[in-house]
Colleague: 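A single structure is presented below for examination.
Letters A, B, ... mirror the listed sequences (proteins, then strands); counts begin at 1.
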Amino acid sequence: MNARPPPLPRATPWRALPCPRAELRLDLALSGGQTFRWSETNPGYWTGVLAGRVWTLTQSEEQLWYTLHEEEKEEVSKDEDSLSEPPLKKGRRQLHSETGRAGVSGERIQDGLDPSQILQDYFQLHVNLSALYQGWSYTDGHFRNIAVKFPGVRVLRQDPVECLFSFICTSNNHLSRITNMIQHLCQSFGRRLCQLDTKTYHAFPSLQAMAGKDKFARLRELGFGYRARFISESARAVLKTLGGAAGLQHLRTVSYEQARHALCTLPGVGAKVADCVCLMALDKAQAVPVDTHIWQVAKRYYGQELGMGARSVTERVHREIGNFFRSLWGPYAGWAQAVLFCADLKKYESPDPDAKSRCAKLTQSSPSVLT
DNA sequence: TGCGCGCCTTGAGG
DNA sequence: ACCTCAAGGCGCG
């Protein structure tokens, strides 16, 4: 079953890189709450924007297949702000090389950077996930139970700008609405890339495009609520005080504590969002984002004393849970958290025969429980 | 200084 | 129709 998938119109021929399914499950990695920009356009086929190009991905037992869609002619979208850097001429595209690894900018793909390198970088295929799963399973019985059903959950190495502003949108919000909001953000402020069927694809907006003067009002109109201010003001703050996109990228080379502290100076960024960005864009594998969900999991499976007395995830709870999981899972604790989070998403809940009987039992006994 | 509480937008789901 | 709650952050006491 390692045959080449059928070709798509106006797209490059399919190519593959070796990647066993145990090392990567596309569905879990791309729709498990890390990124909000991929959709399953056909069963098993995932289409989305990465490094300024539109890709479709699929996988067989041993290989990850990819094709790149043809870009439309240069048409600057209306809202791409005048503050934007001058468009780079083809053939002289921006190159980031802060870390020695391939630098993937969200705005434009670099000519000369092999698409397979972009994918290896994005999926961090140099990390041996099976070995990590083995280690976590050895020290953690609950993880061992989860791991069987949720193999191949990798932490993506995302573009820092896209990751930061996506997770600012997640505050007090739910997955379906987050996905819609980010789609609106890209459609309104991002460069249009192409159209497939009826769906248009846009690059993630530049900092300049989000920082423009009337952007706050536009975002309010688009239904971002109080997050509108966070987005426009954080875009300005990144440009003004953190050195722009390159400055964010540079946080990959500093310590977890330094990166986290820098992010927390931005409006709309607290401990939770900062940890998400540290983990998913800034190479801080030890960062454990703690939300209400992970807190419930922690209390239920790892000890009720975790975050005891609190009614919500306060700074103290965040610290306690994070430190607990780091001591349990080690330097890649954030990667293990991603597996647990994925497993807890409602859409992945398997029809559990025990759940019904538990529920029925609870209902029967509820009068005595409640009184 | 550390901590917890109420508020902020919107809409999906019960 | 009504309510609650959602991958939270922030100002305040």
Colleague: Tabulate protein N/O versus nucleotide N/O from nucleotides 10-13 of chain C, keeping only pairs under 3.5 Å, one per line.
Modeller:
unit_1	atom_1	unit_2	atom_2	d
C:dC10	OP1	A:Gly268	N	2.8

Colleague: Between B:dA12 and C:dG9, how many Å separate the two C1' atoms, rounded to a whole number?
Modeller: 22 Å

Colleague: Looking only at atom P, what distance separates C:dC12 and B:dT9, rounded to whole Å?
Modeller: 15 Å

Colleague: Say whether, by atom type as modelled, one donor and one acceptor occur between the side chain of A:Lys215 and the main chain of A:Lys213 under 3.5 angstrom.
Modeller: no

Colleague: Just checking A:Val313: base, sugar-phosphate only, or nothing, at a heavy-atom cut-off of under 4.0 Å?
Modeller: nothing

Colleague: Using purine N1 to pyrimidine N3 plus N6-O4 or O6-N4 for Watson-Crick, or N1-O2 and O6-N3 for G-U wobble, both under 3.5 Å, which nucleotide pairs with B:dC5?
Modeller: C:dG11

Colleague: What is the distance, rounded to the nearest whole Å, between atom CZ of A:Arg220 and atom C1' of B:dC8?
Modeller: 9 Å

Colleague: Tell me: CD of A:Glu315 to C1' of B:dC5, nearest whole Å?
Modeller: 16 Å

Colleague: Could you state the CZ-C1' distance from A:Phe216 to B:dT9, rounded to the nearest angstrom?
Modeller: 11 Å

Colleague: For nucleotides C:dT4 and B:dG6, find the distance between their P atoms and express it as a whole number of Å.
Modeller: 14 Å

Colleague: I need the CE-C1' distance between A:Met181 and B:dG11, as an integer number of Å.
Modeller: 11 Å

Colleague: Can you confirm if the NZ or CZ of A:Lys299 lies within 45° of the ring axis of A:Tyr302 and under 6.0 Å from the centre of its six-membered ring?
Modeller: no

Colleague: How are the rings of A:Tyr122 and A:Trp38 set to each other: parallel, tilted or perpendicular (split at 30° and 60°)?
Modeller: tilted

Colleague: Taking C-beta and beyond as the side chain, do A:Arg260 and A:Lys284 meet within less than 4.5 Å on heavy atoms?
Modeller: no

Colleague: Of the nucleotides C:dG9, B:dC3, B:dT9, which one has an atom closest to the side chain of A:Arg316?
Modeller: B:dC3

Colleague: Starting at CD1 of A:Ile168 and ending at P of B:dT10, how long is that distance when rounded to a whole Å?
Modeller: 18 Å

Colleague: Verify, without hydrogens or angle tests, whether A:Asn42 (side chain) and A:Tyr45 (backbone) share a donor-acceptor contact under 3.5 angstrom.
Modeller: no

Colleague: For the residue pair A:Trp329 and A:Phe143, does the interplanar ring angle fall in the parallel (under 30°), tilted (30 to 60°) or perpendicular (over 60°) class?
Modeller: perpendicular

Colleague: If every non-hydrogen atom of A:Arg252 is compared with every non-hydrogen atom of A:Gln158, which pair is closest and at what distance?
Modeller: NH2-O, 3.1 Å

Colleague: Can any side-chain N or O of A:Thr253 pair as donor or acceptor with the backbone N or O of A:His250 at less than 3.5 Å?
Modeller: yes

Colleague: Output yes when a side-chain donor or acceptor of A:Gln258 lies under 3.5 Å from a complementary backbone atom of A:Ser255, and no otherwise.
Modeller: yes

Colleague: OH of A:Tyr226 versus P of B:dG6: gap in Å, rounded?
Modeller: 16 Å

Colleague: Identify each atom pair where a protein N or O and an N or O of nucleotides 5-7 of chain C are less than 3.5 Å apart, giving names and distance.
Modeller:
unit_1	atom_1	unit_2	atom_2	d
C:dA6	O3'	A:Asn173	O	3.1
C:dA6	N7	A:Asn172	OD1	2.8
C:dA7	O5'	A:Asn173	O	3.4
C:dA7	O4'	A:Asp291	OD2	3.0
C:dA7	N7	A:Gly33	O	3.0
C:dA7	N6	A:Gly33	O	3.1
C:dA7	N3	A:Lys272	NZ	3.3
C:dA7	N3	A:Asp291	OD2	3.0

Colleague: If only side-chain N and O atoms of A:Thr314 are considered, is one of them under 4.0 Å from the OP1 or OP2 phosphate oxygen of B:dC3?
Modeller: no

